[in-house]
Amino acid sequence: MLNINLGRAGEFLALHILETMDLRSVHVDMEHDDLWVKNEAGEIFRCQVKSCAKPSPVSHQRPLSPKYQYQLRNSQEYDGVFLFVASDIKLMIARTWDEVSCKTFKIKPNVFTEAEQTSSIKRNFNL
């Protein structure tokens, strides 16, 4: 799958997950935003969706446990919520820049659980 198609699929998976948690969400085509999300209190959040097809080895010289890797090079100090999608297992984790603050964000596969998905969304969207 091409990266652009993977990214677009990730955006719609993120929309689906957010909508099932009663967060009104809209797909936007803005320079830095992929989604705008509104919680029940009326707060609006800007979101960038980052998608990864599957975990991969972090280093080819020193094989380590595979991780999902997300590029954030052009997202320094983004004032919104990052939605990290693991496309192969159809789960997502929400984080803010304060929780990430790096150029490549790596997540171990065991971090992607339904419980972590739910708690990260509740925490970052004030539910």
Side-chain angles (χ1 to χ4, degrees):
M1 179 181 283
L2 296 174
N3 279 347
I4 193 163
N5 296 338
L6 175 66
R8 188 157 174 81
E11 290 168 3
F12 285 99
L13 176 60
L15 273 169
H16 168 74
I17 292 168
L18 294 169
E19 286 284 340
T20 60
M21 293 187 69
D22 291 326
L23 289 160
R24 299 295 66 107
S25 308
V26 63
H27 184 260
V28 297
D29 190 13
M30 303 296 286
E31 185 176 349
H32 298 287
D33 299 343
D34 297 315
L35 308 176
W36 289 342
V37 179
K38 183 177 175 183
N39 67 12
E40 292 177 353
E43 295 173 283
I44 296 177
F45 300 84
R46 300 169 55 212
C47 299
Q48 265 188 35
V49 178
K50 300 295 183 181
S51 300
C52 188
K54 62 182 181 180
S56 59
V58 174
S59 169
H60 295 290
Q61 290 120 355
R62 270 185 331 138
L64 301 172
S65 61
K67 295 182 174 106
Y68 291 93
Q69 299 181 61
Y70 303 91
Q71 298 301 316
L72 303 174
R73 285 187 296 267
N74 301 323
S75 305
Q76 274 62 28
E77 300 181 31
Y78 178 68
D79 186 26
V81 179
F82 288 104
L83 302 173
F84 297 102
V85 174
S87 296
D88 58 340
I89 57 175
K90 297 183 179 30
L91 290 171
M92 166 180 88
I93 293 176
R95 297 281 189 266
T96 62
W97 179 254
D98 293 339
E99 299 173 282
V100 178
S101 65
C102 58
K103 292 186 179 185
T104 302
F105 187 57
K106 299 170 186 155
I107 306 174
K108 293 179 181 178
N110 64 347
V111 173
F112 281 97
T113 64
E114 287 195 30
E116 178 58 24
Q117 173 178 277
T118 300
S119 68
S120 71
I121 291 170
K122 286 182 175 181
R123 183 176 63 251
N124 285 290
F125 292 99
N126 300 329
L127 297 180

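Here the structure is a predicted model, which is why all the values come from computation and not from measurement.
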May I ask whether W97 and V81 are part of the same hydrophobic cluster, defined by side-chain heavy atoms of I, L, V, M, F, W, Y residues being less than 4.5 angstrom apart, directly or through others?
no
Of all the heavy-atom pairs spanning V37 and C47, show the shortest one and how long it is.
CG2-SG, 3.7 Å
Following the transitive rule for hydrophobic clusters with a side-chain heavy-atom cut-off under 4.5 Å over Ile, Leu, Val, Met, Phe, Trp and Tyr, establish whether M21 and I93 coincide in one cluster.
no
Heavy-atom pair of closest approach, residues S120 and R95:
CB-NH1, 3.6 Å
Closest non-hydrogen atom pair between Q69 and S56, with its separation
NE2-OG, 3.1 Å
Other residues, nucleotides, ligands: >12 heavy atoms within 6.0 Å of N126 CG
yes
Identify the heavy atoms of S51 and G10 that sit nearest to each other, and give their distance.
OG-CA, 3.3 Å
Side-chain donor/acceptor of Y70 to backbone N/O of V49, under 3.5 Å
no
In Å and rounded to the nearest 0.5 Å, what is the CG to CG distance from L83 to L18?
6.0 Å
Would a single hydrophobic cluster contain both L91 and F82, if residues Ile, Leu, Val, Met, Phe, Trp and Tyr are joined by side-chain heavy-atom contacts under 4.5 Å?
yes
Is any NZ, NE, NH1 or NH2 atom of the basic residue among K38 and E43 found under 4.0 Å from an Asp or Glu carboxylate oxygen of the other?
no
Hey, is D33 close enough to R46 for a salt bridge, meaning N to O under 4.0 Å?
yes
Pair listing, ring-ring contact (aromatic ring centres under 6.0 Å, His included) test, anchored in residues 107-126, at least two apart:
F45-F125, Y68-F112
Nearest 0.5 angstrom please: S25 OG to E11 CD, how far?
12.5 Å
Which pair of heavy atoms, one from T113 and one from N110, lies closest together, and at what distance?
CG2-O, 3.5 Å
With a 4.5 Å cut-off on side-chain heavy atoms, are M30 and Q48 touching?
no
Worked check of salt bridge (charged side-chain N to carboxylate O under 4.0 Å, His left out) between E40 and K122
CA-CA 12 Å; E40 292 177 353; K122 286 182 175 181; over 6 Å; no
Aromatic ring proximity H27/F12, centre distance under 6.0 Å
yes
Between E19 and H16, is there a donor-acceptor pair closer than 3.5 Å when you use the side chain of the first and the backbone of the second?
no
CG on N39 to CZ on R24, rounded to 0.5 Å:
11.0 Å
Should V100 and V85 be counted in the same cluster of Ile, Leu, Val, Met, Phe, Trp and Tyr side chains packed under 4.5 Å apart?
no
Is the closest side-chain heavy-atom distance between L127 and L23 below 4.5 Å?
yes
Can you tell me how far the CG atom of D88 sits from the NZ atom of K54, to the nearest 0.5 Å?
9.0 Å
Spacing of K50 atom NZ and M92 atom CE [to the nearest 0.5 Å]
14.5 Å
Can you tell me how far the NZ atom of K106 sits from the SG atom of C52, to the nearest 0.5 Å?
12.0 Å
Under a 3.5 Å distance rule, please check whether T118 uses its side chain to pair with a backbone N or O of A115 as donor and acceptor.
no
In terms of hydrophobic clustering (I, L, V, M, F, W, Y; side-chain heavy atoms under 4.5 Å; direct or indirect links), are L35 and L13 co-clustered?
yes
For D79, does the CG atom have more than 12 heavy-atom neighbours from other residues, nucleotides or ligands under 6.0 Å away?
no
